[in-house]
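Structure first, commentary second.
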Amino acid sequence: MGPCVSPVSGPCVSPAHHGGGNPCGLVNAGAADGRVVAERESGRVRVRGRDDEERLGAAELGGELGERATLVQFSSAFCAPCRATRRILGEVAGIVPGVTHVEIDAEDNLDLVRALGILKTPTVLVLDAAGRVVRRATGQPRKADVIAALGKAV
């Protein structure tokens with residue numbers, strides 16, 4: 001695989017940080033001067049709590065919200081952890097009743113990415129039934145952590 005490319009600033013300015021040529025999953029969400037906003041942090045997952053002002057609906061998601069909760073994944077084409085995250089979230093949505101998994105291509109939805117402050121892929125938002133963001137995490141999650149985060153939404 002080649003170097004990662006930010007949809008805003010072009011090629012990654014620090015290709016050495018990917019190690020072995022793997023893309024970093026960086027999404028430069030709009031630094032005015034084109035500098036890199038954030039880099040993948042050693043594969044660690046960063047979690048934030050409730051964002052009371054942030055709500056997403058069917059129009060933003062391109063589909064309906066889950067009856068109890070929705071797992072929203074922001075991905076990019078060359079993001080290896082995004083594929084594993086897709087599998088994990090799909091499994092959780094399949095075993096927890098009323099939960100839906102929606103994947104959004106960050107590069108194709110830059111306005112939404114900027115509005116929500118998404119800086120990296122994968123980023124996962126856990127929405128309650130009303131579309132409020134109750135949890136936000138970056139990096140590849142563990143299945144147990146996703147199930148625990150759903151407890152905040154239902």
Side-chain angles (χ1 to χ4, degrees), residues 1-29 36-51 54 56 58 60-110 112-128 131-154:
M1 292 183 184
C4 61
V5 176
S6 163
V8 176
S9 65
C12 180
V13 297
S14 179
H17 78 270
H18 327 149
N22 293 326
C24 68
L26 170 69
V27 175
N28 184 335
V36 173
V37 175
E39 293 181 11
R40 179 170 254 19
E41 296 180 63
S42 305
R44 293 183 303 180
V45 174
R46 292 184 37 182
V47 178
R48 276 183 24 194
R50 182 178 292 272
D51 291 327
E54 293 179 337
L56 297 174
E60 293 89 2
L61 297 176
E64 294 298 317
L65 292 170
E67 291 177 24
R68 298 175 64 203
T70 305
L71 300 169
V72 180
Q73 174 184 348
F74 286 88
S75 299
S76 54
F78 296 105
C79 169
C82 293
R83 290 187 290 278
T85 299
R86 178 184 313 118
R87 181 185 49 78
I88 292 166
L89 298 181
E91 288 175 7
V92 171
I95 62 173
V96 180
V99 174
T100 301
H101 171 227
V102 176
E103 187 171 6
I104 297 175
D105 187 310
E107 295 174 52
D108 291 341
N109 294 281
L110 286 177
L112 183 58
V113 164
R114 288 181 183 117
L116 294 171
I118 306 295
L119 300 177
K120 302 184 217 183
T121 59
T123 291
V124 177
L125 306 179
V126 179
L127 310 181
D128 64 12
R132 285 185 300 265
V133 178
V134 296
R135 275 287 198 248
R136 169 190 291 250
T138 58
Q140 182 181 329
R142 296 180 314 162
K143 187 187 289 189
D145 294 335
V146 174
I147 292 170
L150 282 172
K152 302 285 184 183
V154 293

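As a basis for the values below, the full set of heavy atoms in this structure was taken, side chains included, without hydrogen atoms, waters or symmetry mates.
Between E64 and T100, the closest heavy-atom pair is O-CG2, 4.4 Å. Residues L112 and E60 approach most closely at CD2-O, 3.8 Å, considering heavy atoms. Considering all non-hydrogen atoms of both residues, D105 and E107 come closest at OD1-N, 2.8 Å.
A heavy-atom distance below 4.5 Å is not found between the side chains of T123 and V113. Counting only heavy atoms from C-beta outward, the side chains of L150 and L71 approach each other to under 4.5 Å. Side-chain atoms of L116 and R136, non-hydrogen and from C-beta on, do get closer than 4.5 Å to each other.
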Trace of the side-chain contact (heavy atoms from CB on, under 4.5 Å) decision for E103 with L89: CA-CA 10 Å; E103 187 171 6; L89 298 181; over 6 Å; no
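Side-chain atoms of Q73 come within 3.5 Å of backbone N or O of C82 as a donor-acceptor pair.
More than 12 heavy atoms of other shown residues, nucleotides or ligands fall within 6.0 angstrom of atom CD in E91.
A distance of 6.0 Å separates CG of L127 from CG of L61, quoted to the nearest 0.5 Å. With values rounded to the nearest 0.5 angstrom, R87 atom CZ is found 7.5 Å from Q140 atom CD. To the nearest 0.5 Å, the span separating OG on S75 from CD1 on I118 amounts to 10.5 Å. Atom CZ of residue R83 and atom CD1 of residue I88 lie 13.0 Å apart, to the nearest 0.5 angstrom. N109 CG to I104 CD1: the interatomic distance, rounded to the nearest 0.5 Å, is 6.0 Å. L65 contributes atom CG, which lies 8.0 Å from atom CG of L56 (distance to the nearest 0.5 angstrom).
V133 pairs with exactly one of T70, D128, V126, L125 by the side-chain contact (heavy atoms from CB on, under 4.5 Å) rule, that one being L125.
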